[in-house]
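The structure under discussion appears below in the form of structure tokens.
Labels below follow one simple rule: chain letters A, B, ... track the order of the sequence lines, proteins then strands, and each chain is numbered from 1.
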Amino acid sequence: MNSSSGSAAGPSSGSGDGSAPRRNSKRPKYSKFTQQELPACKPILTPKWVISVFTLVGVIFVPIGIAALMASNNVVEIVDRYDTECIPANMTGDKVAYIQNDDIIKTCTRNLTVPKDMDQPIYVYYQLDNFYQNHRRYVKSRNDAQLKDADQANKTSGCDPEKTTKDGSPIVPCGLIAWSLFNDTYNFTLGNKNLSVNKNGISWKSDRDHKFGKDVFPKNFQNGILRGGASLDSNKPLNEQEDLIVWMRTAALPTFRKLYGKIHQDLKANDIIMVTLENNYNTYSFNGKKKLVLSTSSWLGGKNDFLGIAYLTIGGLCFFLATAFTVVYLVKPRKLGDPSYLSWNRNPSGH
Amino acid sequence: MAANRPSSNPSAPPDDDPDVLPKAASRSRSSSSWHRAERIPSSSSNSAVSFERSTSKPVASFPSKRSDSEKLGSQREISDDDARFVYVNDPGRTNQPIKFADNSIRTTKYSVLTFLPRNLFEQFHRVAYVYFLILAGLNQVPQLGVFTPAASILPLAFVLGVTAVKDGYEDWRRHRSDRDENNRTAQVLAPGGEFRPKRWKDILVGEVVKVTADETLPCDMVLLATSDPTGVAYVQTINLDGESNLKTRYAKQETQSTPPESTAGLIRCEKPNRNIYGFLASADVPGEKRVSLGPSNIILRGCELKNTSWVVGVAVYTGQDTKVMLNSSGAPSKRSRLEAHMNREVILLAVALVALCSIVTVLAGVWLANHHHELNDLLYYRKEDYSGPKTDTYNYYGVGWETVFSFLKSVIIFQVMIPIALYISMELVRLGQAFFMIQDKNMFDEGSKTRFQCRALNINEDLGQIKYVFSDKTGTLTENKMEFRCASVGGVDYSAASDGEEDGHSITVDGETWRPKMSVKTDPELMNALMGGEGIEKANRARDFFLALATCNTIVPILVDTPEPSLKLIDYQGESPDEQALVYAAAAYGFVLMQRTSGHILIDVVGERQRFDVLGLHEFDSDRKRMSVIIGCPDRTVKLFVKGADNSMFGVVQKNLDLDIIHATKTNLHSYSSLGLRTLVVGMRELSEHEFKKWQSAYENATTALIGRGKLLKAIASNAERDLHILGASGIEDKLQQGVPEAIESMRQAGIKVWVLTGDKQETAISIGYSCKLLTSEMTQIVINSNSRESCKRRLQDAASMSSRLAGAGSAKSPLALIIDGTSLVYILETELEEELFKVATTCDVVLCCRVAPLQKAGIVALIKNRTDDMTLAIGDGANDVSMIQMADVGIGISGQEGRQAVMASDFAMGQFRFLVPLLLVHGHWNYQRMAYMILYNFYRNAVFVFVLFWYVLYTAYSLTSAISEWSSVLYSVIYTALPTIIVGILDKDLSRKTLLKYPQLYRAGQRDERYNLKLFIFTMMDCIWQSIAIFYIPYLAYRHSDVDVSGLGDLWILAVVILVNIHLAMDVFRWNWLTHASVWGCIAATVICVIIIDSIWMLPGYWAIFNMMGTGLFWLCLLGIIVAGMVPRFATKALTEYFLPSDVQIARELEKFQNLNASTILEIPMSTFSDPQ
């Protein structure tokens, strides 16, 4: 029997199992796999398991929660909102005009009291509220090839609307992100001693080494009609412009902090730090807030009680569930695998 | 052209009608052979000598009313417009005005050039893909460019690519087999007058082709001449219809004598059509009158020539026009119920999608409206572009447009709400499930060496929700292997068949012993009567009875060699198993059919060889329900032997004679059919010289008539078959298949209603019903067999009141059985009584329909299908079941004795009825469970992801930023989470085979839609919202006021989503084998690797973010917190419901786990048959 004419006659079913009569006559080979009898484990949620799982989760979560809360409590944090304070009283009616006027000297002084002892390193952050660094328009406005390679300076695709200068020469670094670089500066004095802020190593090493080129220098930056934020030292290669590198790691959420520097000095409680800052950055046009943050850190990062509370809640809930299940099992037990519970055994007439 | 396939022929008579006798054709030139010198073929090469038979299948003689051949055949000649003109041996002229298709075949769908467009075109029939394509297209618009072009196309391209590769591979295989086929060679008459080899694909219509024994025919040809002087040729049509017996075809005498090279003439034949049992043409042969050609003059491509050393024919249909090609249709396409339900949920998801997008759009609009004066002052927005010579706005088209854009963008971002990977996953899962069904050795039929076949790949899961099974009887419940059981001769019942001669009756021919292949037990009393032990009258009657059995048929004896050189077995070949049984029975009683040619029959009558001339034959038809043969006996008498169904035979017996015998025979018949035997009545009449002459002239007139030939022949037959003497009746047993009663019992327990639809008599049907445990003695039977509409109505009303009375009786309710016959159904189906019947039938536990025609079978299936949501399954083996198989939600063909028409029309095919139990209860249950879970899970999985994206959008000034890198979004549903659900969809088993067979009631889970319903969907979606909240807000709150960057947080979210959905899946897996472990944990690992790879590309903004994140404790605590917080509600609910509201499946799982703890370490013993447990 020629199978070819058979398959010609047969339909082309998807299984590849055509209708040629001879082709199906092979006896299936026996194997555990083909008979779907692979050795397998069949977990069943018995009361013992359920209670143990809940208890175990509780046992793990509650201590972690406590540890996290403690860590968060040990973090000392000073937050100072200065954007509203650093405006001369006569300009409060038109903050935008104030900030956009380059002739006004924007220096401002703030005194911060240390509430508790702060151990070094003390991280200096600036915090922006209501600044959508994650806006779709914004996050896309950059060109990574240009940042890394000096030969690719002309590559400004994606950088709209901050691509080139008016005469068409490319801006390095191009794009809205770089253009809007934060440009407030802070100087700290404790008593009459200057508190030095270390601005080295505030960015990721991976960014300095691989993302920003060491032979790429700023060009045509902040020369446009509309000035965004900070200017860059055109003699410093990009991989040393750490403020830019930090800034270009766009923040995930509209309220965010960025590392400004580190203070390698312990502070005592009730120390008063005097901050001399330059209030340059325009957040007034969109009701953004600017805050200066000094914070120590723990193994969990900054001050945040949420995770501790969440873990305690989950742990507590699991303990509660474990007890509840235990009680319920004791009150209303059911024998597992009892055929008399099968629906057709409960009402024998069928359904 | 004939639109309907012959298989769906509605007028085909029921195969299991015992009275369906072979449709012996009698376009025979009986008179001429009567006068012609008899030739006894050389018995060395082939002793299979037969007379002409035109066709083989029940449908054959009576093609569909709608088919062209019938219409044309009985009414008129083919008009020139509808005809194809074939000039014999003149292909040039034949192909003159229009060139006919050449003989190359193409079963492939695609060529290299057309593959891409055609395949894509076919794939885009799926609306979901069009949706994804539109979105990918939208994404290319600069204003809407959410993803990079590559990323936006990737998921769709991946899905299309996988399918395309699958299709391409299948097509390539077909391509290869086509090429082999097209390049085979055949002998074609060359201009020089000799036959030269020519490749098949080059054969043209009109060419003369010579085919020798055992060769395959290259095209459809009209026979011109054969090696046999009478023009007979035998073909085997196994490739065409699966029947392995030989069919007879013959060349017209007018062409038979002409040497092939000088044949000429014109053949007018109908245009190519699909009817393989019909052919209509006429031939103008030079020097002869016009001859008409029928289905018996054509041999079809794909058949093999047997027992004939050569044939010469003229090609009339070639290549794609051949009947075999026109009949090769794809597997039927049905959509599963689960998929239909799924589409409802897809629409819900689409609504949810639109809702999400609208929320985002409104919020974005409000935000823009509030800020539109200061947009240029927003450092992160800055709408003006100063790069150019003049100040321009960049990508800002006003609040209105921006709002519209943000709607479109949000659709693009949230598009995966409609799970794109679901469709391809379902296809792959079904492929896997089909593999396991095919491989299941419990569904391998040892007898016929056939394994299970999945022909439709879309409805695996429907097997788990069947509520009604409509079964054919003969060949489905029974084996369709007939055994002669008892005979009533002259009103005397001989049913005490003893062991008799074990090795059967044998005869000696030329020193060789010939023995029938099957032995039949003989009744000593009947033997005695035959030998004259009870008087000469009885002996004569018995002789005539067996003579009738041996002659009145279309059986061809074929000699089979045995290892012993002196012993040969006679194999009786024929289409009707009933006839075979009768001929074997006659042989056992000493009437051994030895030879059959077109003109005579050679019978060894108890050692004495006798020759009977076949003078005429009236083929079977479903109106007369009988066949007859006119035999010229050695003693110069002419006898008419008739056999047929009792009700048709008693109408034509001589009423005033042998009243006692008639009465006694009727009584015997009744008792036979009560035993479940198939009965036939045999009668005869002696024809006087005058009567015979009259018949002969009428017959000759009819056969040469060009118009209404069939009708005339029928009339002549009816005229001849009258005033018969009753010789007797036979009872043939059709054995139940193995395991049928157990299978039916299992299905009944599983809540499946089994309805039997048969062409048998009521008594036979009822007795079969008892023997297969369908009917039990405590059942109340409602019988409806009425002859008028009024009485049908009355009976139905009675039945309805009775059933309601019984139902009202409450606990002591006895089960009801409805038995209804075809005549009553004529008055009920498609009238207003249908509704009544439906009401009665659904209250009954068992329904038996007897004497039903094929179309009625489909009508009964439709009765249920159209009125309920319940799933129906039809199972059958014959051509008459095709309509029912196609009508039902799931059609199953038994690949048994009756050809392959049922199989060709079916969705699944298998060897035995009892395989329904593992198929439905085990595979069906698994497939339904798996598929239901997979669909829900896919919805959930994609929705979680979309919700996470959605929450984030609320914190990006509604600008539709996604923290999760676009590549991760794209890979999410195709790589990160796709494999485990496919593996689980193919391999997971909630219960073992053993448990499912032990408790068939577990099947009801599928009937109740327990695993997939709107409630479950809503619960899943609520759970999904909670999980997305946990995934999003835990990191959000933990990282609030921190210096975390977009990519870092995005990495945390994508890892959290992937781990959570995989753990969710892991929690629901019933059985963990190594493949499940590998896929679930492997996928999580693959995700981590992918995220790391993506974050190692310096070009992307997220460079190195994952490493910085993983270096902090906060990251790990968030991850752990998300997983636990996300899973707690689901875990607690699951634990609670499994313990306090356990489903049957759950209890059975516990049973499985805890009862076997001390019993045996092997949980699943491979079982030989399903009937072991119980």
Side-chain angles (χ1 to χ4, degrees), chain A residues 2 4-9 11-15 17 21 24-25 27-28 30 34 36-38 40-42 44-45 50 57 132 134-136 138-139 144 160-161 163-164 180 206 210-211 224-225 249-250 252-253 257-259 285-286 299-301 306-307 310 314 321 336-337 341-344, chain B residues 105 107 177 180-181 216 239 242 302 324 328-331 374 377-380 385-387 394 434 436 439 441 444 449-451 453-455 457 955-957 959-961 1001 1037-1038 1043-1046 1049 1071-1073 1098-1099 1103-1104 1113-1114 1117 1124-1125 1135 1138 1144 1147 1150-1151 1153-1154 1164:
Chain A
N2 67 80
S4 54
S5 81
S7 68
S12 50
S13 71
S15 64
D17 196 89
N24 304 303
S25 54
R27 180 193 311 271
Y30 173 80
T34 58
Q36 309 191 53
E37 283 160 7
L38 286 176
C41 148
K42 302 178 285 182
I44 281 187
L45 285 181
V50 175
V57 170
Y132 288 92
N134 57 12
H135 197 282
R136 165 165 293 278
Y138 185 81
V139 286
D144 288 281
D160 313 79
K163 255 168 134 167
T164 56
S180 61
S206 56
H210 301 289
K211 214 163 165 57
I225 298 158
R249 279 266 149 213
T250 51
L253 298 168
R257 291 175 185 179
K258 296 255 170 221
L259 192 54
S285 57
F286 53 91
W299 59 276
L300 257 189
F306 167 75
L307 212 57
I314 297 170
L321 284 171
L336 289 182
Y341 280 92
L342 290 166
S343 63
W344 58 91
Chain B
I105 54 152
T107 56
S177 80
D180 293 347
E181 174 113 352
T216 307
N239 279 334
V324 63
S328 61
S329 61
E374 55 198 44
D377 295 331
L378 294 179
L379 290 165
Y380 52 86
D385 184 355
Y386 306 98
S387 308
Y394 160 68
F436 284 116
Q439 289 292 328
K441 63 182 188 51
F444 176 72
K449 299 264 177 274
T450 46
R451 48 174 158 178
Q453 278 183 63
C454 278
R455 294 175 38 82
L457 275 176
Y955 297 92
T956 62
S959 66
L960 295 158
T961 319
Q1001 292 92 335
L1037 293 169
D1043 59 346
V1044 73
D1045 69 314
V1046 179
L1049 206 52
R1071 237 158 250 250
W1072 284 90
N1073 55 41
W1098 67 265
M1099 279 292 290
Y1103 180 67
W1104 228 243
L1114 194 58
L1117 283 190
V1124 172
E1138 284 191 1
D1144 292 339
I1147 294 168
E1150 293 165 2
L1151 262 174
K1153 180 142 181 160
F1154 298 114
E1164 285 170 58

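Side-chain contact between F444(B) and K449(B): present, with at least one pair of heavy atoms (C-beta onward) separated by less than 4.5 Å.
Looking at E374(B), only its side chain comes within 4.5 Å of chain A, counting heavy atoms on both sides. Interface residue I314(A): only side-chain heavy atoms are found under 4.5 Å from chain B. Both the backbone and the side chain of I44(A) come within contact range of chain B, each with at least one heavy atom under 4.5 Å from a heavy atom of that chain. Both the backbone and the side chain of Y138(A) have a heavy atom closer than 4.5 Å to some heavy atom of chain B. Of the atoms belonging to L336(A), heavy atoms from both backbone and side chain fall under 4.5 Å from chain B.
Looking at K258(A), its side chain never comes within 3.5 Å of a backbone N or O of D1043(B) through a donor-acceptor pair. Side-chain atoms of K42(A) do not come within 3.5 Å of backbone N or O of K1153(B) as any donor-acceptor pair. Listed for the N134(A) side chain is a donor-acceptor partner under 3.5 Å among the backbone atoms of Y955(B).
Heavy-atom pairs under 4.5 Å with chain B were tallied for D160(A), T250(A), L321(A); the largest tally goes to D160(A). Considering only heavy-atom pairs separated by less than 4.5 Å from chain A, the leading option among D377(B), L378(B), L1037(B) is L1037(B). Most heavy-atom pairs under 4.5 Å with chain A: of the set L1114(B), V1124(B), D1144(B), this distinction falls to D1144(B). Among V57(A), L259(A), L300(A), the residue with the largest count of heavy-atom pairs under 4.5 Å with chain B is L300(A).
With sequence neighbours excluded, the residues that form a side-chain contact (heavy atoms from CB on, under 4.5 Å) with T34(A) are S31(A), F435(B), Q439(B). Partners of V1044(B) under the side-chain contact (heavy atoms from CB on, under 4.5 Å) rule, at least two apart in sequence or in another chain, are A252(A), Y1039(B), S1042(B), L1049(B), M1109(B).
The aromatic rings of Y132(A) and Y380(B) lie perpendicular to each other, with more than 60° between the two planes, well past the 30° mark.
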